[in-house]
Amino acid sequence: MWHNARLLNFAANVLFGVAGFIVACIVVLSALNSSMFPLRTLSIEGDLQHVDAEAVSEAMANGSVGNFFAVDLEAVRASMESIPWVRRADVRRQWPDRLNVHIEEQVPIAYWGDKSEEKLVNRYGELFSGVSEQALPQFTGPLGSEMQIAYRYAEFSEMLVPLNATVLQVLLSPRSAWQLKVTMKNQPALTLMLGRGEGDKSDESVCQRLARFVKHYPAMQSQLNRNVQYIDLRYPNGFAVRVPEIEKKSGNV
């Protein structure tokens with residue numbers, strides 16, 4: 001073996017290669033633990049209304065930030081997403097000493113259940129913890145139905161545009177029956193019973209019932225010339241109306 005020049009050259013090359021690899025590992029480890037590449041700048045991007053600098057600084061500390069090479073981007077991301085009102089964070093390095101964090105803040109569209117629960121629903125139909133000063137509608141339904149209710153809310157709101165009606169509440173019962181509470185200019189809140197949706201062997205869908213209400217409500221309101229409190233739309237060829245003034249005169253409460 002020791003007299004074989006080719007074999008000796010091969011062995012020497014292998015040893016040099018191993019030595020080079022070890023040196024490279026040492027260099028990399030030194031760089032990872034070196035103070036020569038500190039992170040000097042933290043850039044926070046995003047349309048932020050509820051996330052403040054103090055919360056971000058605390059999250060950065062919890063993310064165990066190292067130098068430019070050693071920083072654990074996944075740990076920083078997870079720490080950022082633990083901040084209330086942060087839906088998602090994207091963390092990237094920028095040479096030589098910058099860490100860019102783009103934050104997508106939660107955008108609430110409704111309260112979930114009672115306001116005291118401090119639960120909100122975002123525009124993706126996701127539930128999160130928080131308190132908002134905005135005037136938001138209320139969603140109520142079985143847990144897990146948040147996305148379904150958010151979708152229906154957008155659909156119902158669009159259908160009610162001709163009446164300039166604002167949805168105050170969307171309720172989905174455990175038996176999949178829909179109820180809306182809406183308000184219109186110079187009128188008290190109005191409850192709409194829509195009943196169950198598609199798949200319940202009904203002749204009409206929920207949207208068809210609401211469309212019928214939108215079409216006929218102005219004429220009905222003009223004829224009654226009274227404020228309406230409750231409308232049951234679950235009838236195939238019409239709807240039942242509750243008028244408080246008439247009920248009081250007749251003795252029904």
Side-chain angles (χ1 to χ4, degrees), residues 24-25 27-141 143-158 160-161 166-170:
C25 289
V27 171
V28 170
L29 290 173
S30 297
L32 291 177
N33 296 285
S34 173
S35 59
M36 294 176 60
F37 303 98
L39 284 169
R40 301 182 187 277
T41 305
L42 174 65
S43 173
I44 304 294
E45 302 173 347
D47 184 13
L48 305 182
Q49 304 295 325
H50 299 87
V51 178
D52 56 29
E54 183 178 350
V56 171
S57 297
E58 184 177 346
M60 285 294 294
N62 293 336
S64 300
V65 176
N67 65 16
F68 182 83
F69 296 104
V71 59
D72 187 339
L73 299 183
E74 183 61 24
V76 175
R77 182 196 63 77
S79 294
M80 290 294 174
E81 292 182 355
S82 70
I83 301 174
W85 286 89
V86 173
R87 178 177 181 266
R88 186 166 57 188
D90 181 54
V91 184
R92 299 177 184 273
R93 297 182 183 91
Q94 182 178 334
W95 179 260
D97 57 3
R98 190 183 190 91
L99 198 64
N100 294 327
V101 180
H102 184 274
I103 292 177
E104 179 187 352
E105 195 172 81
Q106 299 279 13
V107 178
I109 61 170
Y111 287 100
W112 179 258
D114 191 271
K115 286 186 180 181
S116 62
E117 297 179 13
E118 298 186 356
K119 294 290 185 181
L120 297 167
V121 180
N122 67 18
R123 56 185 173 181
Y124 300 100
E126 300 165 342
L127 199 62
F128 70 99
S129 298
V131 178
S132 177
E133 299 299 325
Q134 296 176 256
L136 299 173
Q138 180 185 12
F139 292 173
T140 303
L143 284 177
S145 64
E146 301 90 356
M147 188 175 296
Q148 182 184 10
I149 295 176
Y151 173 81
R152 283 297 194 185
Y153 165 71
E155 194 172 29
F156 294 153
S157 297
E158 182 68 24
L160 289 165
V161 166
T166 301
V167 178
L168 300 177
Q169 183 182 43
V170 183

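Just so we're clear, the structure is a prediction, and the values are computed from it rather than from any experiment. Scope of the values below: all heavy atoms of this structure, side chains included, with no hydrogens, waters or symmetry mates.
Under the 3.5 Å distance criterion, the side-chain polar atoms of Tyr111 are left unmatched by any main-chain donor or acceptor of Ser116. Looking at Glu105, its side chain does come within 3.5 Å of a backbone N or O of Gln49 through a donor-acceptor pair. The main-chain N or O of Val86 is never found under 3.5 Å from a side-chain atom of Glu104 such that the two would form a donor-acceptor pair.
In terms of heavy atoms, Ala89 sits closest to Val101 at CB-CG1, 4.5 Å. For the residue pair Pro84 and Val51, the shortest heavy atom distance occurs at O-CG2, 4.1 Å. The two atoms that bring Ala150 and Gly125 nearest to each other are CB-CA, 3.8 Å, heavy atoms only. Heavy atoms only, all atoms of each residue included: Gln134 and Pro108 are closest at OE1-CG, 3.6 Å. In terms of heavy atoms, Ile83 sits closest to Ala55 at CD1-O, 3.6 Å. The shortest non-hydrogen separation linking Ser145 to Gly141 is OG-C, 3.7 Å.
When Val107, Asp52, Asn122, Leu120 are each tested for a side chain to side chain contact (heavy atoms under 4.5 Å, CB included) with Trp85, only one passes: Leu120.
If you take OG on Ser157 and CZ on Arg152, they are separated by 12.5 Å, rounding to the nearest 0.5 Å. For the atom pair CD (Gln106) and OH (Tyr124), the distance works out to 9.5 Å, reported to the nearest 0.5 Å. In this structure, CG in Leu99 is found 8.0 Å from CD1 in Ile44, a value given to the nearest 0.5 Å. Atom CG of residue Asn100 and atom CG of residue Leu42 lie 8.5 Å apart, to the nearest 0.5 angstrom.
Among pairs with a residue in residues 109-130, those fulfilling salt bridge (Lys or Arg N to Asp or Glu O under 4.0 Å) read Arg87-Glu126, at least two apart in sequence or across chains.
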Derivation and outcome, side chain to side chain contact (heavy atoms under 4.5 Å, CB included), residues Leu143 and Trp112: CA-CA 10 Å; Leu143 284 177; Trp112 179 258; 3.8 Å; yes

Before you tell me yes or no, could you show the steps for Met80 and Val56 under side chain to side chain contact (heavy atoms under 4.5 Å, CB included), namely the whole-Å CA-CA distance, both residues' side-chain angles and the distance that decides it to 0.1 Å? CA-CA 7 Å; Met80 290 294 174; Val56 171; 3.6 Å; yes

Stepwise side chain to side chain contact (heavy atoms under 4.5 Å, CB included) test for Val121 and Ile149: CA-CA 10 Å; Val121 180; Ile149 295 176; over 6 Å; no

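The number of heavy-atom neighbours closer than 6.0 Å to CZ of Arg93, taken from other residues, nucleotides and ligands shown, is above 12. By the 6.0 Å contact criterion, OH on Tyr151 is open, its count of non-hydrogen atoms from other residues, nucleotides or ligands being 12 or less.
Classification of the Trp95-Phe69 ring pair by plane angle, with boundaries at 30° and 60°, yields tilted.
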